[in-house]
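Just so we're clear, the structure is a prediction, and the values are computed from it rather than from any experiment. Sequential numbering from 1 along the given sequence is applied to the chain's residues.
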Amino acid sequence: MTAERDILDRAAELRTEPDVIARLRAAAGTRVVVVREGRLRVASDALLRVDAGAVGDADWALLGRDRDGAPLLLASAPAETDSIDSAPEETWLGLRDAGGRLDPHETDLFVTAIALAGWLNDARFCARCGEALELQGAGWSRRCATCDIEHFPRTDPAVIVAVESRDGERLLLGANANWRGRMHSCFAGFVEAGESLEDTVHRELFEEAGVRVRDIRYVSSQAWPYPRSLMLGFRAVAVDERTAPDGEEITEVRWLTRDEIGGALAGDGPVGLPGPASIARRLIEHWHQEPSGTAVRGGRSAPPAQEPPA
């Protein structure tokens with residue numbers, strides 16, 4: 001699932017340059033990506049770039065360089081921005097809306113812009129003393145003049161796990177209460193203080209589905225800015241087929257065969273599946289594309305499951 005690709009050049013060496021944002025806003029050829037309430041303008045399967053002069057009131061940051069080396073800035077605009085609100089509402093898309101339409105470079109740019117804009121909007125005051133923070137690092141850090149401490153964009157790690165049967169022929173998926181039965185997906189949860197990723201896999205699967213697992217193997221990751229998550233994708237094998245959904249977060253768990261998953265991927269199966277923008281979808285596809293009878297083996301696994309701490 002992980003391959004070499006055209007990733008975003010973040011131009012980190014420019015972040016220490018004094019007044020770099022002002023210089024780039026005034027420079028010919030600088031392009032700006034505007035974020036408004038977690039949504040960006042998309043046209044022809046690419047993010048719309050505008051001139052800095054076309055943007056009114058906004059918080060600014062350096063995103064990096066475009067494919068051709070042109071500077072890229074972020075403008076995090078308020079909900080009502082006269083200079084750009086004339087654009088059709090349907091061109092403003094969120095990450096789920098954009099789905100699989102964007103190539104890897106545009107997706108990196110999209111996710112980075114959403115995550116950084118969210119932080120610029122939320123982290124305006126010092127968590128220690130409550131004073132207003134000064135923006136630094138070309139929009140990538142803030143400093144409290146009172147406490148003399150720096151604040152940086154935060155990323156919260158979460159695991160997401162595709163659990164298969166011991167023979168590799170079925171996949172276990174769960175229905176979250178928030179989805180009201182419309183969709184089944186892999187199991188996920190945030191890493192708690194003091195946990196390893198493997199500890200979190202064991203705890204989340206037991207808490208949400210009553211399942212013990214083994215043969216845990218890392219597969220891939222995905223930035224998921226809702227509002228600042230990093231999803232770490234794993235595969236695991238169930239110790240047995242007993243399940244016990246917690247009844248609160250997870251209302252139902254189901255073992256699904258390869259044929260049932262294939263039908264669901266085609267849109268006519270027994271359950272709905274996550275959309276193409278999600279790592280959950282890719283984990284399911286990754287399992288389904290393997291030859292029949294292939295189970296996770298030989299990966300680096302965590303110690304045998306134990307009772308989660310109280």
Side-chain angles (χ1 to χ4, degrees), residues 2 4-43 46-78 81 83-84 95 98 102-127 131-145 147-157 221-225 227-230:
T2 303
E4 293 294 328
R5 58 190 182 88
D6 181 19
I7 64 174
L8 174 66
D9 175 3
R10 297 179 176 233
E13 76 279 2
L14 296 180
R15 295 178 190 174
T16 57
E17 179 185 322
D19 301 320
V20 64
I21 297 296
R23 178 178 69 80
L24 293 177
R25 286 180 63 182
T30 295
R31 299 164 189 164
V32 181
V33 172
V34 181
V35 177
R36 189 186 71 185
E37 296 186 307
R39 302 170 75 83
L40 289 78
R41 289 176 65 187
V42 177
L47 303 188
L48 187 68
R49 281 81 156 160
V50 300
D51 293 332
V55 183
D57 183 37
D59 291 320
W60 293 83
L62 173 66
L63 285 172
R65 298 185 182 92
D66 217 339
R67 299 178 201 258
D68 60 359
L72 277 171
L73 294 181
L74 163 70
S76 178
T81 305
S83 61
I84 54 177
L95 182 57
L102 305 177
D103 68 24
H105 181 275
E106 296 297 292
T107 299
D108 276 353
L109 183 56
F110 195 112
V111 173
T112 302
I114 290 177
L116 188 55
W119 180 75
L120 289 172
N121 185 62
D122 294 341
R124 298 181 181 276
F125 300 94
C126 179
E131 290 294 321
L133 296 171
E134 301 171 356
L135 198 62
Q136 294 185 332
W140 286 88
S141 67
R142 291 185 186 271
R143 178 181 171 273
C144 177
C147 299
D148 196 29
I149 61 173
E150 284 188 283
H151 299 258
F152 298 91
R154 171 179 155 187
T155 297
D156 297 331
S221 65
Q222 179 184 35
W224 197 244
R228 51 180 172 266
S229 302
L230 174 65

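Taken from OG1 in T112 to CG in L72, the straight-line distance is 10.5 Å, to the nearest 0.5 Å. The distance from the CH2 atom of W119 to the CZ atom of R228 is 12.0 Å, given to the nearest 0.5 Å. Going from atom CD of Q136 over to atom CZ of R142 covers 10.5 Å, rounded to the nearest 0.5 Å. For the atom pair L40 CG and F110 CZ, the distance stands at 5.0 Å (nearest 0.5 Å). Note that NE2 of H105 is 5.0 Å distant from CG of L8, once rounded to the nearest 0.5 Å. Separating the CG atom in D59 from the CD1 atom in I21 is a distance of 11.0 Å, to the nearest 0.5 Å.
Between R25 and D19, none of the side-chain N atoms (NZ, or NE/NH1/NH2) sits under 4.0 Å from a carboxylate O, so this pair counts as no salt bridge. With respect to R154 and D156, a salt bridge is recorded, a charged nitrogen being found less than 4.0 Å from a carboxylate O.
In the model, R36 has no side-chain atom that pairs as donor or acceptor with a side-chain atom of S76 under 3.5 Å.
Minimum interatomic distance between V34 and A77 (heavy atoms only, all atoms of both residues): CG1-CB, 4.0 Å. Between V33 and A113 the shortest heavy-atom distance is CG1-CB, 4.3 Å. Annotation for V32 and A75: closest pair CG1-CB, 3.7 Å, computed over non-hydrogen atoms. Closest approach of L62 to A11, counting heavy atoms only: CD2-O, 3.8 Å. The shortest heavy-atom contact between G29 and A70 is O-CB, 3.8 Å. Here the shortest heavy-atom pairing between S229 and T155 reads C-CG2, 4.3 Å.
Contacts of T30 classified as side-chain contact (heavy atoms from CB on, under 4.5 Å), with partners at least two apart in sequence or in another chain: L24, A27, P71, L73.
Residue pairs meeting the side-chain hydrogen bond (donor to acceptor under 3.5 Å, both in side chains) criterion with at least one member in residues 61-72, sequence neighbours excluded, are D6-R67, D9-R65, E13-R65, R31-D66, R31-D68, R49-D66, R67-D103.
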(message) Using side chain to side chain contact (heavy atoms under 4.5 Å, CB included), reason through W224 and V111 one step at a time and then give a plain yes or no.
(response) CA-CA 7 Å; W224 197 244; V111 173; over 6 Å; no
(message) Between T107 and L109, is the side chain to side chain contact (heavy atoms under 4.5 Å, CB included) condition met? List the steps.
(response) CA-CA 5 Å; T107 299; L109 183 56; over 6 Å; no
(request) Start with the C-alpha distance between W60 and V55, add both sets of side-chain angles, then the distance that settles side chain to side chain contact (heavy atoms under 4.5 Å, CB included), and finish with yes or no. (result) CA-CA 10 Å; W60 293 83; V55 183; 4.0 Å; yes
(request) Please report the C-alpha distance between C126 and I149 in whole Å, then the side-chain angles of each, then the deciding distance to 0.1 Å, and finally whether the side chain to side chain contact (heavy atoms under 4.5 Å, CB included) criterion is met. (result) CA-CA 9 Å; C126 179; I149 61 173; 4.1 Å; yes
(request) List the steps and the verdict of salt bridge (Lys or Arg N to Asp or Glu O under 4.0 Å) for E134 and R143. (result) CA-CA 5 Å; E134 301 171 356; R143 178 181 171 273; 3.6 Å; yes
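Judged by a 6.0 Å distance limit and a 45° cone about the ring axis, R10 is not positioned over the six-membered ring of W140.
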